[in-house]
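Only one structure is covered here, and it is reproduced in the block below.
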There are 2 protein chains.
Amino acid sequence: MDASGLMMPRAAVTAACGACAGASRGLCHGLEEADQAALFNAASSLRLPARSAVFREGDRANAVFTLKDGAAKLLRALPDGRQQIIGFRFPGDLIGYTARDRYPCDAELVSDATVCRVDRGRLESMSRHCAGLSHRLLELCAEDLAAAQDQLNAMAQKSAEGRVAAFLLMLREADRRNGGTGLDLSLPMTRADIGDYLGLTIESVSRVFAALRRGGLVKEPQRGRLRLADLPGLEALAGSDGAAAPLSGPGRPAHRSAA
Amino acid sequence: MDASGLMMPRAAVTAACGACAGASRGLCHGLEEADQAALFNAASSLRLPARSAVFREGDRANAVFTLKDGAAKLLRALPDGRQQIIGFRFPGDLIGYTARDRYPCDAELVSDATVCRVDRGRLESMSRHCAGLSHRLLELCAEDLAAAQDQLNAMAQKSAEGRVAAFLLMLREADRRNGGTGLDLSLPMTRADIGDYLGLTIESVSRVFAALRRGGLVKEPQRGRLRLADLPGLEALAGSDGAAAPLSGPGRPAHRSAA
DNA sequence: CGGGCATTTGAGAGTACTCAACCGATGTGG
DNA sequence: CCACATCGGTTGAGTACTCTCAAATGCCCG
């Protein structure tokens with residue numbers, strides 16, 4: 001098992017990967033031009049279909065990838081067949097970097113996508129010459145850590161509605177980072193994916209979406225597409241914490257404890 | 001505001017910090033002897049009382065710390081006065097390393113403790129010469145990330161009993177790493193701390209502990225001390241997922257969704 | 001057109017929360 | 001030395017949110 005070949009059905013390998021070096025975020029951010037060029041040369045671009053795996057937990061971590069377009073989910077398969085979704089990744093995001101020699105989780109595409117592959121060995125030999133690169137990796141890891149902790153907070157403190165609202169606002173931010181309006185979003189993941197990410201059942205997710213539609217907070221003009229119609233309302237639901245009045249009833253003030 | 005002086009009431013600064021370099025885990029793990037010696041010289045030891053802050057979110061990250069004895073909690077204060085506890089740290093653990101120039105969260109002691117302070121600037125200048133050190137930092141960050149993700153999984157999938165059981169088994173592992181039997185544990189944190197960590201109310205935590213005591217799974221011979229009396233039982237409750245029969249009733253098979 | 005999949009909706013059950021009172025230990029001041 | 005306040009913890013009763021089980025709908029694809 002490794003991160004190439006059989007795992008990537010119908011992969012079309014193109015020559016080099018301009019978008020990687022050009023991206024304002026991602027791996028190259030803050031690197032000097034010469035280093036960016038070196039990364040540029042170490043990269044190749046792949047086109048992959050929805051539901052294919054970029055890599056699997058336990059595979060040898062021979063490469064890191066940046067997402068050029070499409071969306072991916074990072075997940076850990078649970079022994080009983082369920083899955084815990086660690087997070088979603090969008091264009092410009094880096095996936096698969098790790099300090100270990102094996103990937104710590106699966107990466108699966110939730111839509112057709114183009115990824116940019118950077119050889120791990122190349123990256124590491126570069127990072128020996130270029131202090132900025134290893135620092136950048138630590139920064140990225142710290143960002144992921146912060147995101148995981150925000151997610152922890154959401155799971156601990158927020159109601160189902162609050163979690164979904166916060167999730168939608170996260171999608172919005174991802175869209176804006178990539179030059180979108182942040183109002184008309186692609187929603188390629190299934191209710192099951194969202195539930196596995198937020199710690200809710202499919203039914204609960206569906207009910208929350210139904211309530212958001214009824215409340216006029218969002219519209220779903222078509223499958224896989226979502227329009228944020230009432231941003232303040234969503235932000236109130238997501239709340240910086242979990243409070244704020246839900247769409248119906250007195251809601252859950254979330255538990256208190258500290259002073 | 002910075003990580004020294006006023007924040008550290010009654011701090012007693014001793015000369016150097018042998019235990020830091022000697023620790024088999026922590027910052028020095030895997031470093032060459034000369035590098036360990038350099039870190040050794042850059043470190044000083046502090047004695048701090050329970051409830052004091054090692055650093056606060058937003059403070060300039062001028063130092064990293066290793067816990068020599070005692071226990072600490074990492075937390076983020078929420079706008080409404082509550083707190084989200086990110087994790088607990090035990091002897092041998094490193095706290096306060098980050099890629100940013102500010103700490104991303106508070107670190108508070110839950111018991112009297114001795115910490116070993118390593119100057120950040122010293123650490124960074126070392127890491128420029130010593131590739132192993134920055135790699136080690138990335139490794140530590142990746143470990144924290146994995147722990148946060150485990151915690152996410154627990155919050156999403158496990159019942160209150162499962163979370164508490166998993167928490168106790170985590171304490172057990174920390175005790176064993178530090179040479180204890182893993183059976184007779186110190187439990188310096190309050191129910192509120194545990195609740196804020198696990199996403200439960202004080203009352204729920206208390207009820208779960210009561211149930212564990214009634215079921216003979218644990219004993220609390222005195223305040224702040226806990227004996228694990230039925231390890232298999234606790235492991236069954238904690239389950240690799242959230243299933244397994246609870247102490248009473250049919251319990252929560254946790255939600256399913258994936259294939 | 002039929003099968004499979006994702007989603008929706010309904011009814012009922014159960015876990016964890018809320019509110020509230022009480023207990024024991026600790027610490028302070030009269 | 002004791003009254004009293006405080007803090008952490010425990011326990012009880014009732015509520016409410018989310019899960020479970022079940023069935024129906026709509027959509028895509030062969």
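Naming convention: chains lettered A, B, ... in sequence-line order (proteins, then strands); numbering from 1 in each chain.
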Proximal nucleotide (of C:dT8, C:dA6, D:dC19) relative to the A:R51 side chain: C:dA6
Under-4.0 Å side-chain N/O to phosphate OP1/OP2 contact, A:T201 with D:dC19: yes
Given DNA chain D, 5'-ward residue of the pair B:S206 and A:V205, judged by closest heavy atom: B:S206
Distance below 4.0 Å between B:S204 side-chain N/O and C:dC17 OP1 or OP2: yes
Whole-Å gap separating C1' (C:dT26) and CD (B:Q222): 16 Å
For atom CZ of B:R207 and atom C1' of C:dC22, their distance in whole Å: 13 Å
Gap between atom CZ of A:F65 and atom CG of A:D93 - 0.5 Å precision: 14.5 Å
Atom-to-atom span, CE of A:M155 to P of D:dC17 - whole angstrom: 19 Å
Length of the line joining B:I202:CD1 and D:dG12:P, which is rounded to integer Å: 18 Å
Within 6.0 angstrom of A:R213 CZ, more than 12 heavy atoms from elsewhere: yes
Result of checking A:K73, A:M155, A:Q151 against A:Y197 for side chain to side chain contact (heavy atoms under 4.5 Å, CB included): A:Q151
Distance in angstrom units between A:L198 CG and D:dC17 P, rounded: 18 Å
Atom-to-atom span, CG of B:L212 to P of D:dG9 - whole angstrom: 15 Å
Residue B:L200, side-chain atoms from C-beta onward, closest of C:dC19, C:dA16, C:dT9: C:dA16
Contact check, side chains of B:D112 and B:R47, non-hydrogen atoms, under 4.5 Å: yes
With A:E220, the salt bridge (Lys or Arg N to Asp or Glu O under 4.0 Å) member among A:R191, A:R225, A:R227: A:R191
Bend angle of the helix from C:dC1-D:dG30 to C:dG30-D:dC1, end axes from five pairs each (to 10°): 30°
Below 4.0 Å: OP1/OP2 of D:dC7 and any side-chain N or O of B:R191: no
Basic-acidic side-chain contact under 4.0 Å: A:E108, A:R56: yes
Whole angstrom value for the distance that separates C1' of C:dT9 from CZ of A:F209: 16 Å
Phosphate contact (D:dC28 OP1 or OP2) by A:R223 side-chain N/O below 4.0 Å: no
Value in whole Å for how far the P atom of D:dA24 lies from CD of A:E203: 16 Å
NZ/NE/NH1/NH2 to OD/OE distance under 4.0 Å, B:D196 and B:R76: no
